Amino acid sequence: MEYQFRAIEKKWQTIWKEKKAYQVSNESSQPKCYVLDMFPYPSGAGLHVGHPLGYIASDIYSRFKRLKGFNVLHPMGYDAFGLPAEQYAIEHGVHPSKSTHDNIDNFRKQLDNIGFCFDWEREVKTCDAQYYKWTQWIFLQLFNSYFDKKEAKAKTITHLLSDFEKEGNSKHICPGDTSLQFSASAWKGYSEKEQQAIIMQYRLAFCGYGEVNWCEALGTVLANDEVVNGLSERGGHPVEKKKLRQWYLRITEYADRLLTGLDTIQFSDAMKEMQSNWIGKSFGAEIDFSIHQQEGTLKVYTTRPDTLFGVDFMVVAPEHALIETITPASHKGDVEQYIAYVKSRSERERMAEKKITGCFTGAYAENPLSKKLIPIWISEYVLAGYGTGAIMAVPCGDERDFKFAQHFNIPITNIIGDAFNGIDANPTKEAKLTNSDFLNGIVQKDAIAIVNDKMETLGIGKRKINYKMRDAAFSRQRYWGEPFPIKWINGIAYPMSEKELPLLLPEVDNYSPGPEGEGPLANIESWKSANYETNTMPGYAGSSWYFIRYMDPSNEKEFCNRKVSDYWGQVDLYIGGTEHAVGHLLYSRMWTKVLYDLGHIGFDEPFKKLLNQGMIQGSSRFVYRIRGTQKYVSAGLAAAHEVDALHVDVNIVDGVELNTAAFKKWKPDYAKAEFILEDGKYICGVEVEKMSKSKFNTVNPDDLVERYGADTFRMYEMFLGPVEQSKPWDTKGIEGVHRFLKKCWRLFYDELKGKVWNEEAATDSELKVLHKAIKKIEEDTERYSFNTAVSTFMICVNELADLNCHKKEILEKLLILLTPYAPHFAEDLWQALGNKSLIVDASYPVFEAKYVTESAKDYPVSINGKMRANISIDLAASEAQVHEIVLANEIVKKWVAETPIKKIIFVKGKMINIVI
RNA sequence: GCCUUGGUGGUGGAACUGGUAGACACGCAGGACUUAAAAUCCUGUGGGCCGCAACGCCCGUGCGGGUUCGAUUCCCGCCUGAGGCACCA
C-alpha cells in the first residue's frame, strides 16, 4: 500500500472538522498556553509561501504543547482593513468589503489545505462591525484618558477635570503644550470650546495638525509606499508636503514604560535594541539662543551642552516657524527657493541624502555664554519633528556639522585641542576642553553637568530628557478603515456614547477623495450632515488588540470578559516578522498598557515571548519607466535613461522576459505603455527582496500541497533552515522531505505485502534509536529549532530502516513525535495501528536516559589544536589513565616524536589536546 | 545616511555554553533492479597535493588582523546581502 497523501489529508481534515478536534475551551484544569501568529492581511495575491512559515512553526509548537498536556489557544483571523483593498476598489470598482471577503475565503481555503489546528470558531476579522465596534470602544477609552505623570499611568479625563476645577493645571504639565498654565478660576472662565481645546492637549487620542504626502493632480493624500522619487506611483504626478488635521495617539507618554517593559519580556536582543533605539531616549538640555537685534529666541536641543563654546552655526529645520520672522529681506528669495525644494522631498530622502544642501537665513543668534554671533542656517537634515527642530552645530565634534561647515566654508572653532585634527570631526567626550572660557581644562563628560547647572542658574537653558519617538499618526484620509466614533459640533470633537457603537462604515459607490484633502466619507451627504469625522483609522488600529478578542470573540457586551482574559493572560508565544518591530509591536504594547491602566485587563505586556520568523524572500521583477513618460525600457538599456524601476508581477514574467500584452492589461495606468526592447524582448530587472503583495513577487503554496501533500510542504518549509532566518524561496529539495515520508511509510506498509508492522518486543538498539530521537526532537521543538528536528526524524527513520524495525512499540511513539510536524500522516497511521482516539489527544513519549547511555567515547585527539587521531576511551577512565592511553597511541607517538610535551588538555566527554 | 541582522561545499543548511567543520537533505557522478521509464536501493561527492591503492599531507567557515592549548563561535577594522526608518501591512 502506497502513501496516498492527498486522500489521507482530505480524509483527516474532514474528520477533524466533524469532531471539532481543535476547539478550545476557556475552562480547563490543564495549564494554559497561548500560541499566536501575526494575522495576515488578506491580499488579492492570496497566501504565499512566506505566510505559512510562521504558521507552520506555531502549529507545530501548539500541537507539541497539547501533546505535553496544555490547554492550547491557537487562533487565526484577518487584518482586513487597509489601503490595498481601497486601491483595488479605485482601479476595478469592486467594493472593498467584497474583495476583502473574497480574499478571506481564498485565504481560508489555502490555510485549510495545510492542516492547521486553528480554532476557527474564534476567527476575527478587523473589518467586521462586531469587531470594530470594540476597536471604536477602545478608541473612546484612549480619547477619554490622559497620562498621569505622577502615577505614570493612564487615567480617565474626569480625574483631570476635577483637578482643573480645584487648582487649575498646576499638577498636570500639559503634554501638548508644556508652557500652558492656568488657574482654577481661569479654567472656570473659559468657554466650552476653549476648555475642550485644552483637554485635547491631554488626551491619549487627540486631534492636531501634521504633514502628509499631498498629490494635487490626484487630489489625494498618498502613503509613503505610493510615492516613488517624489512622484506618485500612480500616474507619476508631483507630490508635496501639506498640513492637514490629523488624529494622533500620544504614545510618547508611554515612552518610558515601553522602554522598561522590555526587561520583562522575551524578545530577541536585536528586537529590544530596535525598539529602544526607536524610542530613542536621550539626556540633554534645551538651550535658548537669542536672535541678534531681533525679538524671539531660538530654542535648541542638544545632548552635548559641554560643546557650547564650539558652536559655529545654527541649523533650523526648513519648517521651523521662526524662519519667516528672522529672515531679512535680502535673503528671503534664497530661503523661499530652498524651502520649496525641501517641500518636494520625503523625510527618507532628506535623511539619506549625502549631498550637503542648505541656505543661510541672513540672521544671527547670540551664544548665551560667549555672546558670540552665530549664523543661522536652514538645512533639510534637521527635521522639524525631533527635539525643537533646531540644532547648535559644533563642527569639531560632529561629523555632519563638520561636513556642513566645510561645504559652506564656515570657520571652525576648535574646543578640544589636540583631539581635533582638522580633517575629521571627533565626537569624543573624553577630551579636555579648550577655547571654552570657564570650562577650559575640564574633561568634556564632566563639563556637561557644569554647563547645565550654569544655564539653569542663568535661566538660559535646562536639562531635558528627549525621545526620538513621535506621537503616532492615527487617521487616514481613506474609506476602508474604522470610522471614528466622533462628532464635530462647532469645531469641538464630541465622543459618541458606547451605546451608539458600532458607528457603521457607510456604503459608498465612489472611492475618490473628498474635497480639501478629506477622505471619501466627506462625499457622503448624510455623513457630513451628521457631523461625523470623515477620517478613518489606520491599518494598525484593529491589529493593536486582536490578540485579546480571540480569547472571547463573540462577546457582545464587552471587548473581552475580564475572567477570560485573566485565564489566558499574555500570549506565551507570538510568531511574526521583524518588519513589525517598530510599528505593530509598539502600538499593541501601548494599547495593552492603556487597557491595563484603566483596569480592563490584568497584564500590561501583551507578548511574553516573541519569535521572529525570517522572511521568505521573493525574487522580484522590475520594469523601467523613463521618468515623466509612459515609455518602458528593457533592463539592459535602462542605464542610458533616467528611469524609475517599478515592480511588475512575477506571474506575467517568464524567467526575465516580460509578457508585454499582459503588462498593459495588468493595471489601467499601464494600458498606454510603450516598450523599448532589446533583441525583440523586454527583459526585466531582478532583485531578491521581501515577498510581498506590493512587490508582486509572491509564490503560491497550493501547487506544492497538491503535488507533494501538506505534510511534505510543512516539513519542507521547516527543513529550509532556522525559522528566524530569511531566505529566498526555492522549491528544490522538497523531494528529499517527500522521500523521507515515503520511507517512513514503508516502516508500516510494504507495497506488495501490505501491513508489515508487528507486535514483537523492541531490542536495545531499536530503543536507543527511538530515545535518542525523543530527546533531540523534544529539545529542538522546545527551542524552535524545527529544521534540526526534521533532520533528526530523517536520521531516526534511516536507522530504523537499517535495523529493519517494524515494531509497533517503537513506531507508535515515533508517530506521536511526528504529529506536530506531519499531522495527517501521523493520524492516519495511528488509527491504522488500532488506536481509537485522535493522535492529538495522545501524550508525548517520555525520554528514558537508560536506553542511550554510553560507556565509552571516541575522543578526538589533537596536537597543537589540529585533530590527528580518534581514540575510544572508557568514560569512567581517570585523567591519568587517559594521558597514558593517549600517549601510547601510535599516531600520537608519531606526531609527538621527540618533542617535549608542554601540557595535555583533557575535557571529559569532549576532546583531548596535546600541546608540544 | 541611521538602526537591526546575515555571509560555512555546486545548493539549503548542521556544529546548542570556545572543543572532531560540512550532520541531514538537494544536486551531480557511477552502479543495481526494469524491455523502458517511474519508484526504490547501493557507492562516491569541500578544494588541492603525493600515490596503483591503502594510508598520508596541505589549505579551507566573506576579507585582514588579534585573544586562546584550541575560534564558524570572542574582540578590532573592512567588504557585502537583507529588513526597518514613522501613511504598505
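Please read these numbers as outputs of a predicted model, since none were measured by experiment. All chains are named by letter (A, B, ...) in the order of the sequence lines, taking the proteins before the strands, and each is independently numbered beginning at 1.
- A distance of about 15 Å separates the C1' atoms of G6(B) and G12(B), rounded to the whole Å.
- Heavy atoms of Lys902(A) sit nowhere under 4.0 angstrom from any nucleic acid atom.
- Distance alone, capped at 3.5 Å, is enough to place a donor-acceptor pair between the Lys727(A) side chain and the Gln725(A) backbone.
- At the heavy-atom level, Arg746(A) lies under 4.0 Å from the strands shown only through sugar-phosphate atoms.
- OP1 and OP2 of U17(B) both lie 4.0 Å or more from every side-chain N or O belonging to Arg783(A).
- Out of C41(B), C24(B), C16(B), the shortest distance to the side chain of Ile795(A) is found at C24(B).
- Residue Lys857(A) has its side chain nearest to U20(B) when only U20(B), C87(B), A39(B) are considered.
- Within the nucleic acid shown, Met867(A) comes within 4.0 Å of at least one base atom, counting heavy atoms only.
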Show which side-chain atoms of residues 577-586 of chain A pair as donor or acceptor with protein atoms under 3.5 Å away, not counting sequence neighbours.
residue	atom	partner	partner atom	Å
His584(A)	ND1	Ser543(A)	O	3.3
His584(A)	NE2	Tyr574(A)	OH	2.7

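- Taking 4.0 angstrom as the limit, Asn277(A) places none of its side-chain polar atoms (N or O) nearer than this to OP1 or OP2 of G84(B).
- Counting heavy atoms from C-beta outward, Asp780(A) and Arg783(A) have side chains that approach closer than 4.5 Å.
- Thr792(A) comes within 4.0 angstrom of nothing in the nucleic acid, heavy atoms only.
- The same atom, C1', is picked in G22(B) and in A15(B); the two are 9 Å apart, to the nearest Å.
- G31(B) sits 45 Å from C79(B) when the C1' atoms are compared, rounded to a whole Å.
- Annotation: Asp802(A), atom CG; neighbour count of heavy atoms from other residues, nucleotides and ligands within 6.0 Å is above 12.
- Distance from the side chain of Pro84(A) is smallest to A89(B) among A89(B), G19(B), G84(B).
- In terms of heavy-atom proximity, Tyr41(A) sits nearest to Ala85(A) at OH-N, 3.1 Å.
- For A39(B) and G27(B), the P atoms lie 10 Å apart once the distance is rounded to whole Å.
- Here G81(B) is in the anti range [glycosidic angle more than 90° from 0].
- Contact annotation for Met271(A): no contact, since no heavy-atom pair falls under 4.0 Å across all strands.
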Side-chain donor-acceptor pairs of residues 206-215 of chain A under 3.5 Å, sequence neighbours excluded:
residue	atom	partner	partner atom	Å
Asn213(A)	ND2	Leu222(A)	O	3.2
Asn213(A)	ND2	Asn224(A)	OD1	2.8
Trp214(A)	NE1	Glu216(A)	OE1	2.9

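- Remark: side-chain polar atoms of Lys908(A) are paired, donor with acceptor, to backbone N or O of Leu875(A) under 3.5 angstrom.
- The base of C88(B) lies outside donor-acceptor range of the side chain of Glu226(A), with no N or O pair under 3.5 Å.
- Residue-level contact check: Val221(A) touches the bases, meaning some heavy atom is under 4.0 Å from a base atom.
- Out of A82(B), C41(B), A86(B), the shortest distance to the side chain of Gln617(A) is found at A82(B).
- Side-chain N/O atoms of Arg868(A) include none lying less than 4.0 angstrom from OP1 or OP2 on U20(B).
- Spacing between U17(B) and G9(B) at atom C1', rounded to whole Å, works out to 27 Å.
- Base engagement by His580(A) is indicated by at least one non-hydrogen atom pair under 4.0 Å involving a base atom.
- The closest donor-acceptor contact from the side chain of Lys902(A) to the backbone of Val915(A) lies at 3.5 Å or more, if one exists at all.
- For the pair Glu319(A) and Lys241(A), the salt-bridge criterion is not met [side-chain N within less than 4.0 Å of a carboxylate O].
- Contact annotation: Trp895(A) reaches the phosphate of C57(B) (side-chain N/O to OP1 or OP2, under 4.0 Å).
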Considering only nitrogen or oxygen atoms on both sides, find all protein atoms under 3.5 Å from nucleotides 5-13 of chain B and state each distance.
residue	atom	partner	partner atom	Å
G12(B)	O2'	Leu720(A)	O	2.5
G13(B)	OP1	Gln725(A)	NE2	2.8
G13(B)	O5'	Leu720(A)	O	3.3
G13(B)	O3'	Asn787(A)	ND2	3.4

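- No contact: Glu233(A) has no heavy atom under 4.0 Å from any strand.
- The side chain of Ser791(A) approaches A23(B) more closely than any other nucleotide in the set A23(B), C85(B), G83(B).
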Contacts under 3.5 Å, N or O only, protein and nucleotides 68-74 of chain B:
residue	atom	partner	partner atom	Å
C69(B)	O2'	Asn913(A)	ND2	3.3
C69(B)	O2	Asn913(A)	ND2	2.5

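- Looking at heavy-atom distances under 4.0 Å, Val212(A) makes contact with a base.
- Here the side chain of Glu91(A) pairs no donor or acceptor atom with the backbone of Lys667(A) at under 3.5 angstrom.
- If you take atom P in U45(B) and the same atom in G10(B), they sit 15 Å apart, rounded to whole Å.
- Between Phe107(A) and Tyr78(A), the two ring planes are perpendicular [angle over 60°; tilted spans 30° to 60°].
- If you check every strand for non-hydrogen atoms under 4.0 Å, Glu751(A) touches nothing.
- The side chain of Lys743(A) has C41(B) as its nearest neighbour among C41(B), A86(B), C57(B).
- Nucleotides U11(B) and G19(B) have their C1' atoms positioned 29 Å apart, rounded to a whole Å.
- Residue-level contact check: Lys776(A) touches the bases, meaning some heavy atom is under 4.0 Å from a base atom.
- Here the P atom of nucleotide A86(B) and the CD atom of Gln275(A) are 16 Å apart, to the nearest Å.
- Separation of the P atoms belonging to A21(B) and A32(B) is 37 Å when rounded to the nearest angstrom.
- Taking side-chain N and O atoms only, Arg350(A) has no distance below 4.0 Å to OP1 or OP2 of C85(B).
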Under 3.5 Å donor-acceptor pairs involving side-chain atoms of residues 713-721 of chain A, not counting sequence neighbours:
residue	atom	partner	partner atom	Å
Arg714(A)	NE	Tyr821(A)	O	3.1
Arg714(A)	NH1	Asp59(A)	OD2	3.0
Arg714(A)	NH1	Ile114(A)	O	3.4
Arg714(A)	NH1	Gly115(A)	O	3.1
Arg714(A)	NH2	Asp59(A)	OD2	2.7
Arg714(A)	NH2	Pro820(A)	O	2.8
Tyr716(A)	OH	Asp730(A)	O	2.7
Tyr716(A)	OH	Lys732(A)	O	2.8
Glu717(A)	OE1	Leu53(A)	N	3.4

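- Across C88(B), G83(B), G19(B), the shortest atom-to-atom separation from the side chain of Thr578(A) is found for G83(B).
- Defined by atom type and a distance below 3.5 Å, a donor-acceptor pair is missing between the side-chain atoms of Lys468(A) and Asn277(A).
- At the heavy-atom level, Lys468(A) lies under 4.0 Å from base atoms of the strands shown.
- In plain terms, the two heavy atoms of Tyr859(A) and Val907(A) that are nearest each other are CE2-O, 3.9 Å.
- Helical stems of RNA chain B (runs of at least 3 Watson-Crick or G-U pairs, donor-acceptor distances under 3.5 Å) are listed by first residue: B:1-7 with B:79-85, B:10-12 with B:24-26, B:27-32 with B:40-45, B:46-49 with B:56-59, B:62-66 with B:74-78.
- For Lys355(A) and Glu380(A), the salt-bridge test fails: no basic side-chain N is under 4.0 Å from an acidic carboxylate O.
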